[in-house]
Every structure is written in C-alpha cells, then in structure tokens.
Amino acid sequence: MTNASDLEAFAAALEASSDYRVLRRLRPRPTVEGFDVAETRTGLMVDVETTGLDPDRDEIIELAMVPFRYALDGTVVEVLEPFDRLREPSKPISSEITVLTGITDAMVAGKSIDPSEVTMFAAPAAVVIAHNAAFDRRFLERFSSVFSTKPWACSMSEIDWAAEGFEGAKLSYLAMALGFFYDRHRAANDCLAAIELLARELPRARAPALAKLLERARLPTWRIWAENSPFEFKDLLKARGYRWNGEENGKPRSWYVDVSDAEKEAEISYLAREIYQYEVDVRTVRVTAYDRFSNRV
C-alpha cells in the first residue's frame with residue numbers, strides 16, 4: 001500500500017519535470033488563521049441545475065449556495081457551510097438533463113426548496129457570485145426576491161481570463177489549468193471549485209482573482225442600443241460584439257452592446273459615424289452590479 005505522503009512525494013517529483021503536470025483533487029480550503037471578522041465581507045457563490053435554459057419556463061432542480069468570508073484585499077479567508085437542496089419539478093426531468101447533471105427523477109422525488117430558508121441563508125451576503133451569472137441570476141430572481149436586492153458578479157465573464165493566459169473560461173477548464181479537478185456538474189461542487197478559482201493568485205495580475213472580479217463588478221457599464229440601424233450593417237455590428245434582442249421582453253427589438261464607462265462616448269461616436277452616418281440620439285442604459293445579468297436590463 002502507498003500512503004498519502006508517498007503519493008505527494010511522487011506528485012512533487014513529477015512536477016519538478018517539465019514533461020509532466022499533476023492534477024490534484026480539490027480539497028477543503030483551510031481557514032486563514034487570525035483574521036479579523038470585522039474586516040471581512042461575506043460572499044455567496046451560487047449555482048443552479050435546471051430542467052432547461054429558459055428561466056421563464058424551466059425550473060430549478062438543484063440549488064447550492066456556499067458562503068465564504070473575504071478580506072478587503074480580496075483574499076478568501078474562510079469557506080463556510082454550504083446550502084444544497086434538490087427540488088422536484090412539475091414535469092419529469094429529460095434524459096438530456098440527467099446526462100448533463102446526473103440528477104434523476106428518483107433523486108428529486110418529494111424534494112422541495114423552501115424560499116424563506118433561501119432568503120434567510122442569502123441575506124448576509126455582500127455580493128452574490130456565479131460562474132455564469134447571466135444564467136443563474138434569472139432563475140434565482142424568479143425563485144426568491146432576495147436575489148434582486150443584491151449586487152452580483154460573474155467569475156466567468158468579469159475576469160479577463162484570456163489576458164491572464166488562459167484559453168477558455170469554462171469552470172472545468174480553469175480548474176485543470178490551475179492544477180485541480182473535482183466532481184463536476186453537481187451544484188455544491190461547482191460552487192467550491194469556483195471559490196477555489198477566486199482564491200488563487202492570477203499569474204499576470206499577481207492578485208487574487210476575487211480582487212480583480214470585485215474591482216470589475218463595482219464599475220458601472222452602459223448598454224447601448226443600435227435601434228433602427230440599417231440592415232446592411234448587421235454583420236459589422238455582430239463582428240463588433242453587438243447582440244440581437246428579438247424577444248418580446250419590453251426592450252427594443254434591436255442590436256445592443258455593453259461597454260465600460262470609459263468606452264461609452266467612443267461607441268456612440270462609432271455608431272453615428274459608421275452605422276447611421278448622421279448624428280443620432282442613441283438609447284443608453286446605465287447598469288450596475290445590482291441589475292447586471294438580470295432581466296431588468
């Protein structure tokens with residue numbers, strides 16, 4: 001039999017060679033000793049598994065929330081006890097969703113999630129974070145109003161992973177790139193893996209990933225609508241990062257883009273010069289972390 005210390009020695013020997021890379025199983029993150037609770041904030045990492053992609057029609061079948069404390073410099077100092085619940089939906093879970101999530105009808109039979117319990121658990125959070133907040137926030141705001149009262153951040157889109165040398169932003173890829181693996185596609189495991197990402201120091205910024213995430217999330221952005229833009233310029237807009245809103249959701253049926261505060265005036269000038277080719281009154285909406293990733297913008 002080989003004990004743990006022998007295995008770690010083998011792993012260290014492999015890592016000393018440029019011919020090998022080692023993946024370690026994600027272990028519980030140890031608490032930083034001696035931190036002052038008064039000088040910390042509580043973050044809440046969330047993840048949902050659902051019956052599909054439409055937050056208006058599909059349902060949550062698993063909800064995990066993992067609170068953690070972080071220092072003002074973005075250092076994760078303590079990971080707290082998770083909340084993880086299954087929920088039986090109104091219709092059977094499709095085979096495709098079972099393959100993706102590992103959740104079966106038998107697992108959720110008779111299970112429910114109490115919205116009041118969710119509200120109490122989430123209430124202390126200074127910020128809610130998801131590794132695809134544009135997906136999770138819409139489902140969670142429909143489930144409990146507490147999530148519409150919190151600022152949100154997205155660990156997938158609000159950290160410039162490409163600038164840090166990573167070739168993708170999927171949670172499983174980032175975990176492997178940083179040297180660990182975990183049991184995927186169960187909500188609590190995904191939350192713990194995402195917290196571990198945020199606790200790591202970014203290779204180029206030389207700062208905790210959480211610090212860069214919070215810095216980005218605090219900045220306002222602007223949603224710019226290119227209403228009634230000429231059809232022949234749609235490919236230009238798409239190539240520039242504009243997206244099309246074709247839904248009946250109370251917003252313009254139009255191309256739109258989200259830009260930083262510093263980029264706002266330059267983007268409006270671009271539209272006037274290259275798309276409309278005349279001065280135009282462009283619709284803009286200021287977006288903060290309290291509304292970002294929600295259906296309200």
Side-chain angles (χ1 to χ4, degrees), residues 53-57 126-142 145 147-170 202 204-205 207 209-297:
L53 301 177
D54 187 342
D56 295 322
R57 298 174 183 172
V127 61
V128 179
I129 305 172
H131 199 78
N132 191 1
F135 178 82
D136 295 83
R137 181 167 195 168
R138 288 173 168 85
F139 275 95
L140 286 172
E141 286 196 353
R142 178 184 165 198
S145 62
F147 293 106
S148 64
T149 70
K150 301 290 184 180
W152 278 66
C154 180
S155 54
M156 181 174 71
S157 66
E158 291 189 297
I159 295 174
D160 194 343
W161 295 108
E164 294 296 327
F166 298 94
E167 296 178 359
K170 286 187 64 175
L202 293 170
R204 295 177 181 170
L210 178 61
K212 303 305 289 184
L213 173 62
L214 295 175
E215 179 183 302
R216 173 85 173 271
R218 291 185 185 111
L219 296 175
T221 55
W222 290 88
R223 177 155 293 183
I224 298 177
W225 293 92
E227 296 180 85
N228 301 314
S229 56
F231 178 79
E232 60 266 28
F233 293 124
K234 65 180 178 63
D235 290 335
L236 279 179
L237 290 170
K238 187 174 181 180
R240 194 174 173 86
Y242 281 72
R243 289 171 286 176
W244 174 254
N245 175 53
E247 300 177 14
E248 296 292 342
N249 54 13
K251 305 179 186 71
R253 290 175 64 85
S254 168
W255 292 96
Y256 69 93
V257 71
D258 295 326
V259 300
S260 69
D261 199 49
E263 297 167 325
K264 176 190 174 188
E265 294 306 322
E267 193 61 33
I268 293 173
S269 295
Y270 166 81
L271 288 176
R273 184 180 65 253
E274 303 293 339
I275 303 300
Y276 296 102
Q277 299 179 7
Y278 59 86
E279 290 301 318
V280 62
D281 186 14
V282 176
R283 182 197 295 248
T284 62
V285 179
R286 188 175 186 269
V287 182
T288 72
Y290 284 91
D291 294 310
R292 193 173 294 127
F293 310 116
S294 77
N295 280 329
R296 292 185 296 282
V297 294

At what distance, to the nearest 0.5 angstrom, does OG of Ser145 lie from NZ of Lys150? 11.0 Å
Approximate separation, where rounding is to 0.5 Å, of Leu271 CG and Trp225 CH2: 13.0 Å
Would you call Asp56 and Arg142 a salt bridge, using N to O less than 4.0 angstrom? no
Salt bridge between Glu164 and Lys212, side-chain N to carboxylate O under 4.0 Å? no
What class does the angle between the rings of Trp161 and Phe166 fall in, given that below 30° is parallel, 30 to 60° is tilted and above 60° is perpendicular? perpendicular
Under 3.5 Å: donor-acceptor pair, side chain of [X], backbone of [Y]:
X      : Y      : answer
Arg292 : Ala217 : yes
Arg138 : Phe293 : yes
Arg216 : Asp160 : no
Lys234 : Ser229 : no
Arg223 : Val287 : no

State which residues pass salt bridge (Lys or Arg N to Asp or Glu O under 4.0 Å) with Arg57; sequence neighbours excluded, sorted by chain then number. Asp54
Show, in sequence, the C-alpha distance, side-chain angles and deciding distance for Asn249 and Asn295, and conclude whether the side-chain contact (heavy atoms from CB on, under 4.5 Å) test is met. CA-CA 9 Å; Asn249 54 13; Asn295 280 329; over 6 Å; no
By the ring pair (Phe, Tyr, Trp, His ring centres under 6.0 Å) test, which pairs, at least two apart or in different chains, include something from residues 229-254? Trp244-Trp255
Could you go through the side-chain contact (heavy atoms from CB on, under 4.5 Å) check for Leu219 and Asp261 one step at a time? CA-CA 8 Å; Leu219 296 175; Asp261 199 49; over 6 Å; no
Qualifying residue, where the test is side-chain contact (heavy atoms from CB on, under 4.5 Å) with Ile275 and the options are Val280, Val282, Leu237: Leu237
